[in-house]
Amino acid sequence: MLVIKNTNLERMNSMSSKVFKRLFVMVCIMSFTIALTACGAKDEKEAADVSEKTQSATINVITREDGSGTRGAFTEIVGLIEKDASGNETDMTYPEAVVQNSTDAVMTATANDESAIGYISLGSLNDTVKALKIGGVEASAEDITNGSYPIARPFNIVYKDGVTPEVQDFLNFIASSEGQKVVEEEGYVKNKDAQPYQGTNNSASITIAGSTSVAPLMEKLVEVYKIFNPDFKADIQATGSSSGIQAAIDGSAQVGMASRELKDDEASQLKKEVIAMDGIAIITNKANQVSDLSMEQVKNIFSGKLTDWAEVNGK
């Protein structure tokens with residue numbers, strides 16, 4: 001049997017196979033490249049969307065309740081209190097602001113909302129939220145001491161004239177070097193020229209009521225005081241500055257705590273002592289890209305004139 005080989009046909013088939021393989025490889029490479037490009041574009045778009053969401057979200061303002069010493073001090077310092085011709089005061093805090101009734105509640109709400117902004121006692125600040133600089137100045141004990149941080153207020157204790165020797169001994173401890181060491185260790189600005197304290201075996205039971213901002217510091221002060229006076233007992237009630245002042249006036253508490261200045265009618269009925277200086281920290285969610293605000297921006301945000309983070313960023 002005679003077999004004739006078609007060399008040209010075999011050569012063409014071989015060339016076609018090679019071309020097909022090359023085309024297949026090129027198509028695979030192009031498809032892979034397009035997929036990577038598309039994936040990268042998607043990632044960039046998602047990142048841009050996240051950034052835009054952070055920068056352009058509506059500002060969710062969080063404030064404290066009426067009667068809060070922190071709110072009273074904050075609104076006065078920032079300029080949110082307006083007086084009419086008769087001297088009547090109006091709080092111009094944004095009507096749509098979410099009201100929280102404690103420092104912890106403000107921090108929790110802010111930590112759970114990327115668009116939120118609030119204010120708290122500096123001494124209560126923790127790493128769940130971010131404290132903003134004000135005019136380029138950090139909220140710190142050092143900057144409160146040198147006067148460069150602008151939003152600061154006193155921590156006051158109030159009481160009636162003629163307190164018992166047991167209550168007076170506790171007040172003496174707060175003002176002593178041992179008491180002021182506690183103030184400093186808790187992150188507040190202590191009073192200078194404090195004198196040493198000597199224990200008196202005080203076994204009294206007293207009620208201390210008032211500011212939710214002062215209460216954590218007061219708990220630490222009582223804890224250390226009990227080292228010197230183990231039988232001493234204190235019922236600390238975090239009811240707000242106004243309630244604490246009223247409790248001291250009506251006698252339901254021997255000591256009131258206030259994180260604001262006393263009004264004239266309150267001051268006429270009570271004695272007052274400053275036990276520490278505290279800053280009010282402006283806080284945001286940790287994901288917020290804003291790090292610094294001017295005092296004017298703070299006022300405009302908390303009055304509702306600035307309502308979008310893009311406006312804050314100057315976009």
Side-chain angles (χ1 to χ4, degrees), residues 64-73 101-104 121 123-124 153-186 188-191 194-278:
R64 288 293 304 276
E65 77 284 5
D66 288 333
S68 159
T70 303
R71 176 168 176 162
N101 62 2
S102 72
T103 298
D104 287 342
S121 165
S124 299
R153 43 77 185 271
F155 273 2
N156 299 314
I157 52 173
V158 296
Y159 51 92
K160 282 188 172 181
D161 194 12
V163 294
T164 66
E166 290 80 10
V167 173
Q168 186 61 58
D169 187 71
F170 177 62
L171 300 181
N172 293 343
F173 167 77
I174 293 176
S176 72
S177 54
E178 288 81 1
Q180 289 301 298
K181 181 180 179 182
V182 175
V183 168
E184 186 175 34
E185 288 175 346
E186 292 303 306
Y188 304 98
V189 178
K190 69 178 182 178
N191 296 328
Q195 301 299 313
Y197 171 77
Q198 296 293 329
T200 60
N201 295 317
N202 189 356
S203 59
S205 297
I206 70 172
T207 299
I208 306 170
S211 169
T212 62
S213 296
V214 181
L217 173 59
M218 187 59 69
E219 289 172 356
K220 291 292 185 180
L221 287 166
V222 169
E223 181 181 318
V224 176
Y225 182 71
K226 286 173 67 68
I227 295 175
F228 297 92
N229 304 278
D231 296 327
F232 177 79
K233 296 181 179 62
D235 178 18
I236 300 174
Q237 302 173 359
T239 55
S241 292
S242 295
S243 295
I245 292 169
Q246 184 57 45
I249 291 173
D250 63 32
S252 58
Q254 285 73 47
V255 179
M257 303 176 288
S259 54
R260 63 165 174 82
E261 292 293 354
L262 272 63
K263 299 175 182 177
D264 291 342
D265 61 324
E266 296 168 340
S268 67
Q269 302 177 70
L270 296 170
K271 297 187 69 174
K272 179 198 78 172
E273 292 183 18
V274 177
I275 64 171
M277 285 296 295
D278 177 47

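Along the sequence shown, the residues carry numbers beginning at 1.
With rounding to the nearest 0.5 Å, the separation of CG in Leu217 from CD1 in Ile275 is 5.0 Å. To the nearest 0.5 angstrom, Asp169 atom CG is 10.5 Å from Phe228 atom CZ. Taking NZ of Lys160 as the start and CD of Gln269 as the end, the distance is 7.5 Å to the nearest 0.5 Å. Going from atom CZ of Arg71 over to atom CZ of Arg260 covers 12.5 Å, rounded to the nearest 0.5 Å. One distance of note links CG of Leu262 with OG of Ser268; it measures 9.5 Å at 0.5 Å rounding. Atom-to-atom distance recorded for Tyr159:OH and Leu171:CG is 5.5 Å, nearest 0.5 angstrom.
The two residues Ser124 and Thr103 make their nearest non-hydrogen contact at CB-CG2, 3.6 Å. The shortest heavy-atom contact between Ser102 and Thr212 is CA-OG1, 4.2 Å. The two residues Glu65 and Asn101 come nearest to each other via the heavy atoms OE1-CA, 3.1 Å. Across Ser259 and Val214, no two heavy atoms sit closer than the pair CB-CG2, 4.1 Å.
Defined by atom type and a distance below 3.5 Å, a donor-acceptor pair is present between the side-chain atoms of Asp250 and Ser252. In summary, the side chains of Thr70 and Ser213 do present a donor paired with an acceptor at a separation below 3.5 Å, with no hydrogens or angles considered. With 3.5 Å as the limit, one finds a donor-acceptor pair spanning the side chains of Gln168 and Asn172.
Residue pairs meeting the ring-ring contact (aromatic ring centres under 6.0 Å, His included) criterion with at least one partner in residues 233-276, sequence neighbours excluded, do not occur; the list is empty.
A salt bridge links Glu261 with Lys272; the closest basic N to acidic carboxylate O contact falls under 4.0 Å.
Residue-environment remark: NZ (Lys220) stays at or below the threshold of 12 foreign heavy atoms within 6.0 Å.
Judged as a side-chain contact (heavy atoms from CB on, under 4.5 Å), and not counting sequence neighbours, the contacts of Ser203 are Asp231. Under the ring-ring contact (aromatic ring centres under 6.0 Å, His included) criterion, Phe155 pairs with Tyr188, sequence neighbours left out.
Each of Glu219, Met218, Gln237 was scored for a side chain to side chain contact (heavy atoms under 4.5 Å, CB included) with Ile208, with one residue passing: Met218.
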